Amino acid sequence: MMSRVLVFLLAAALVFGAVTGRMGQVSQATISGAREAVRLLLSIGGSLCLWSGLMEVMDRSGLSRTVARLLRPLIRFLFREDANDAEARAALSQNMSANLLGLGSAATPAGLRAAARLHTLARQQGRGDDSVFLLIVLNTASLQLLPTTVAAVRASYGARAPYDILPAVWLASAVSVAVGVLAARLMKRWCR
Amino acid sequence: MTDYLVPALMTGILLYGLARGVDLYDAMVCGIRGGLSTCAQIFPAILVMLTAVTMLRASGAVDLLAHFLAPLSEPLGIPGPCLPLALLRPFSGSGALSVGSAVIAEAGPDSTAGRVAAVMLGSSETSFYTIAVYSAFLGLKNTRYALPAALCADLAAFLMSGLAVRLLMG
């Protein structure tokens with residue numbers, strides 16, 4: 001999958017570079033691109049590490065569990081009877097709270113645990129995997145409260161207030177999650 | 001308002017930890033070490049994608065694409081330079097981050113294009129990758145409507161990014 005995307009990008013660069021006569025710049029980009037990658041990692045790395053540290057403090061102090069508990073009504077609304085299963089509920093709330101805090105690396109293991117449990121529940125009750133699909137759609141839509149990585153990129157290019165995009169991110173995320181859930185609900189009916 | 005949010009949140013997290021008797025220093029150091037390994041994990045992908053994307057931008061292909069798509073996207077409030085970002089986003093997270101940071105660098109972080117790019121990055125995910133991970137983990141052969149529903153959510157995020165920047169940031 002990624003290999004195809006990569007080959008496509010490089011082939012396009014080669015063809016367009018030849019057509020527009022900018023092969024010199026394309027050649028130079030192999031060096032400047034690699035340098036930019038280091039620069040990007042340096043500009044997001046500090047912030048990423050800092051929030052990983054704060055997340056660890058939240059885990060140890062029980063604050064993560066409190067956040068997860070606050071999400072219970074939402075999980076009940078989205079996952080209906082599956083929310084009664086303690087194991088599924090715990091994994092779902094962990095997955096969602098990690099997503100909210102913008103920690104994708106912590107969200108995926110919990111999400112996979114939740115998906116496995118929902119899959120088992122669906123099997124036991126002879127249902128389709130609709131709850132699993134809903135979980136997948138929620139994870140592709142990413143409801144993020146604190147987009148620290150993007151804020152760090154903005155800060156590194158001298159943004160006046162790197163976090164001033166927050167309300168706009170919240171609005172766009174919330175609408176995207178709502179559209180994703182709605183689309184999943186509607187398509188579930190069409191797919192029968 | 002947003003200036004207060006992050007420092008207040010940070011202080012709140014630490015004070016709560018202190019009140020609960022957490023060894024703050026040890027927890028921070030341990031978490032940051034985890035953050036470092038995350039950096040190490042994402043760096044190879046960022047390097048590969050950023051090099052490819054930088055080459056593509058240097059060839060003029062991205063500008064051409066943005067130029068042709070601009071009449072379609074600009075009425076929707078999405079600046080031309082943000083379109084390649086929207087096209088790459090569902091496939092590659094590090095590729096989108098690369099294009100996004102290039103847009104932010106070129107247009108400026110406080111320009112409309114720079115802001116829309118940032119909001120797009122903050123409000124969407126790498127749908128194809130996420131679906132691949134979950135379906136591979138469960139051994140699902142058919143993800144049925146998961147992909148179209150996820151792409152609907154992405155499209156909504158992109159359209160809303162333009163609108164939200166216009167509405168909330170003038």
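Numbers restart at 1 for each chain; the letters A, B, ... are given by sequence-line order, proteins then strands. Given the structure is predicted, the values throughout are model-derived calculations rather than measurements.
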Can you confirm whether [X] sits close enough to [Y] that some side-chain heavy atom of one is under 4.5 Å from a side-chain heavy atom of the other?
X         : Y         : result
Leu10(A)  : Leu56(B)  : no
Thr140(A) : Tyr134(B) : no
Asp26(B)  : Arg60(A)  : yes
Leu14(A)  : Ser59(B)  : no

Quick one: what part of [X] sits under 4.5 Å from any heavy atom of chain A, side chain, backbone, both or neither?
X         : result
Met169(B) : side chain
Leu140(B) : side chain
Val133(B) : both
Leu64(B)  : side chain
Val48(B)  : both
Leu9(B)   : side chain
Asn142(B) : backbone
Leu168(B) : side chain
Ser124(B) : backbone

So which part of [X] gets closer than 4.5 Å to some heavy atom of chain B, the side chain, the backbone, both or neither?
X         : value
Thr66(A)  : side chain
Val38(A)  : both
Leu41(A)  : side chain
Thr30(A)  : both
Leu9(A)   : both
Leu138(A) : neither

Pick from [options]: which one has the most heavy-atom pairs with chain A under 4.5 Å?
options                                   : value
Ser135(B), Gly17(B), Pro109(B), Ala164(B) : Pro109(B)
Val165(B), Asp154(B), Ile131(B)           : Ile131(B)
Ile13(B), Leu121(B), Val22(B)             : Ile13(B)
Ile104(B), Leu24(B), Thr126(B), Leu138(B) : Leu138(B)
Val53(B), Leu18(B), Ile32(B)              : Ile32(B)
Ala117(B), Gly60(B), Ala45(B)             : Gly60(B)

### Message
Using a 4.5 Å heavy-atom cutoff, which residues in residues 162-174 of chain A come close to chain B?
### Response
Tyr163(A), Asp164(A), Ile165(A), Leu166(A), Pro167(A), Ala168(A), Val169(A), Trp170(A), Leu171(A), Ala172(A), Ser173(A)
Which distance, rounded to the nearest 0.5 Å, do you find between the [atom1] of [X] and the [atom2] of [Y]?
X         : Y         : atom1 : atom2 : result
Asp63(B)  : Phe16(A)  : CG    : CZ    : 11.0 Å
Ser176(A) : Met120(B) : OG    : CE    : 12.0 Å
Ser61(A)  : Asp23(B)  : OG    : CG    : 12.5 Å
Met55(B)  : Arg22(A)  : CE    : CZ    : 14.0 Å
Cys49(A)  : Leu36(B)  : SG    : CG    : 4.0 Å

#### Entry: Non-hydrogen atoms of Gly122(B) and Val150(A) that approach each other most closely
N-CG2, 4.0 Å
For the candidates [options], which exhibits the highest count of non-hydrogen atom pairs separated by less than 4.5 Å from chain B?
options                                  : answer
Asp129(A), Leu54(A), Leu134(A), Thr20(A) : Leu54(A)
Arg160(A), Met58(A), Met23(A), Arg35(A)  : Arg160(A)
Ala151(A), Gly53(A), Gly180(A)           : Gly53(A)
Ser156(A), Gly128(A), Ala37(A), Ser27(A) : Ala37(A)
Asn139(A), Leu50(A), Ile31(A)            : Asn139(A)
Arg154(A), Gln25(A), Glu36(A)            : Arg154(A)

### Flag for Tyr157(A)-Asp110(B): side-chain donor and acceptor within less than 3.5 Å
no
